[in-house]
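Quick notes on the structure that follows.
First the proteins, then the strands, lettered A, B, ... as listed; each starts at 1.
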2 protein chains.
Amino acid sequence: MAVSNGTASDEPSTATVDGVVTAVRDGIMQGRYAPGQRLPEADLVSLYQASRGAVRTALAQLENEGIVLRERNRGARVRPISLDEAVEITEARAVVEGLCAAKAAQRITTEEKKSLRALSDELRTAVEAGDVMAYTRANQEVHRAIRDISRHETAAHMLDRLRTQSVRYHYTVALLPGRPSVGMREHIEVIESVCSGDADLAEKTMRAHLMSVVDALQQLDANLHQW
Amino acid sequence: MAVSNGTASDEPSTATVDGVVTAVRDGIMQGRYAPGQRLPEADLVSLYQASRGAVRTALAQLENEGIVLRERNRGARVRPISLDEAVEITEARAVVEGLCAAKAAQRITTEEKKSLRALSDELRTAVEAGDVMAYTRANQEVHRAIRDISRHETAAHMLDRLRTQSVRYHYTVALLPGRPSVGMREHIEVIESVCSGDADLAEKTMRAHLMSVVDALQQLDANLHQW
DNA sequence: GTAACCAAGATTGTTAACAATCTAGTTGCC
DNA sequence: GGCAACTAGATTGTTAACAATCTTGGTTAC
């Protein structure tokens, strides 16, 4: 059997199309399904108690999202993502999240400023405690919050799609020496620039932050080639 | 029957999943299927001689692309796009095509400069002849060429998706008084900035061009509300 | 005359069986 | 021993029938 339910955290009960999609997507994003791993229809059927038709359309949708690869008569497998591709995705995120930051700076309310600044404290606490897991989560919270504040649905959809493809590398980047403190500083700058209401500044700061992630990725690449 | 094959230009012969997808997508983009129009499965089956399963997965894919709307037990219809949404889409295009222009400026070869500049002449000819159709086509050619030159696959995929959603408005914008000559000037500026090799300049010029399209859309909106 | 109700037709959702294709292991030949 | 052809099993693709749901038109009661 090529697929097994490693952690029993999620319910393997009867599922619909969307259920299978989210289950497999989460599995890939959490790293439970390895890149290149096969995803036979029969396994997913018995694992999630869904009909084969449901599994089939779910796989079609995941292929369309770009996280699953399908070959005719050869089935589906988890699409591997190269570091070059991760760089491209982060570059694309840089410009789209830059747009979000600009719009957010224009549209942010007083209450939203308050809850956004609360995330700064979360970041500090996580970095001081050396908690990489909490740091990564707070990071994602910052980006999600700014995306929501921007109220730009088109950009939000695009980022949803990009995120699912690249999340696998986030943990790796966070593990680079000195990365958490640098990232924290950048995130706080982003938060403050959005709260300032200056759209141009917010966009520039967000872009600079994500381009620094690109640099970190390429540094990662250099480290890998060294070994 | 809610669906009819108005023009007999495309082949209504036996089709696979991808065949149905491209046929319906083109139909929507060319305006043969009106916004809100119903797309009953049975009609598509007899029209494209495809199996119902194929039609079904095709509709699921089109829904995922955001150009078709489906409701449970109520079928599929062409998704209407509001002008607000068209503005959002164009804003998103502005930043992503800006990225492409920057990369294209860095990566363009001598031959590519030549073929890109040839498009400037096409634009001039079309505007001088007052041929809106040829003008629109040349416009799209410029954007596609820069996208290809950038060699940024992630951005290319995102633009593919955005394009299919917004094309319906392009003709309308082109019909605004004075628009073709303004658009021609902007496109030529974009072409020259990419050929100059200055990534920052190329990005700025491309963004300015698409933000001027946003202005034109909002002007269109004002005109509509006036009536 | 209006509104609630009901039934028939149309449309979509689901399931199961069958067909086509690929993979891996085995056998036979050189 | 190595390579090619073959066969059995596994896996995916396709089709058709059945079930569930919605829409529409007419009917009836008030």
Round to the nearest Å and state the distance from [X] atom [atom1] to [N] atom [atom2].
X: B:D43; N: C:dT12; atom1: CG; atom2: C1'; result: 13 Å
X: B:E71; N: C:dT11; atom1: CD; atom2: P; result: 16 Å
X: B:E41; N: C:dT14; atom1: CD; atom2: P; result: 11 Å
X: A:R70; N: C:dC22; atom1: CZ; atom2: P; result: 15 Å
X: B:R56; N: D:dT15; atom1: CZ; atom2: P; result: 15 Å

Set of salt bridge (Lys or Arg N to Asp or Glu O under 4.0 Å) partners for [X], sequence neighbours left out:
X: B:R56; answer: B:E41
X: B:E203; answer: A:R207
X: A:E141; answer: A:R144

Listed by chain and number, what are the side chain to side chain contact (heavy atoms under 4.5 Å, CB included) partners of [X], not counting sequence neighbours?
X: B:L123; result: B:Y135, B:A138, B:N139, B:V142, B:M184, B:H187
X: A:A156; result: A:R147
X: A:A34; result: A:Q37
X: A:V45; result: A:R52, A:V55

Check: Is B:S51 near enough to D:dT14 that one of its side-chain N or O atoms lies under 4.0 angstrom from OP1 or OP2?
Finding: no

At a cut-off of 3.5 Å, list every protein nitrogen or oxygen paired with a nitrogen or oxygen from nucleotides 23-25 of chain D, distance to 0.1 Å.
unit_1, atom_1, unit_2, atom_2, d
D:dT23, OP1, B:R74, NE, 2.6
D:dT23, OP1, B:R74, NH2, 2.9

Next item on the list: Only counting residues at least two apart or in another chain, list the ones meeting ring-ring contact (aromatic ring centres under 6.0 Å, His included) with B:H152.
Entry: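 Not a single residue meets the ring-ring contact (aromatic ring centres under 6.0 Å, His included) criterion with B:H152.
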
Check: Among residues 58-65 of chain B, which contact DNA chain C at a heavy-atom distance under 4.0 Å?
Finding: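 Listed by number, there are none.
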
Check: Pairs in or reaching into residues 97-108 of chain A: which pass side chain to side chain donor-acceptor pair (under 3.5 Å), with residues at least two apart or in two chains?
Finding: A:R93-A:E97, A:E97-A:H143, A:K103-B:E91

Checklist line | Heavy-atom pair with the smallest gap, counting every atom of B:L59 and B:L39 | finding: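 Shortest heavy-atom contact: CD1-O, 4.3 Å.
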
Next item on the list: Using only heavy-atom distances, determine whether the side chains of A:E186 and A:S212 contain a donor-acceptor pair under 3.5 Å.
Entry: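 A donor-acceptor contact under 3.5 Å links the two side chains.
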
Polar-atom pairs under 3.5 Å, protein N or O versus N or O of nucleotides 17-21 of chain C: list them with distances, or write none.
unit_1, atom_1, unit_2, atom_2, d
C:dT21, O3', A:N73, ND2, 3.2

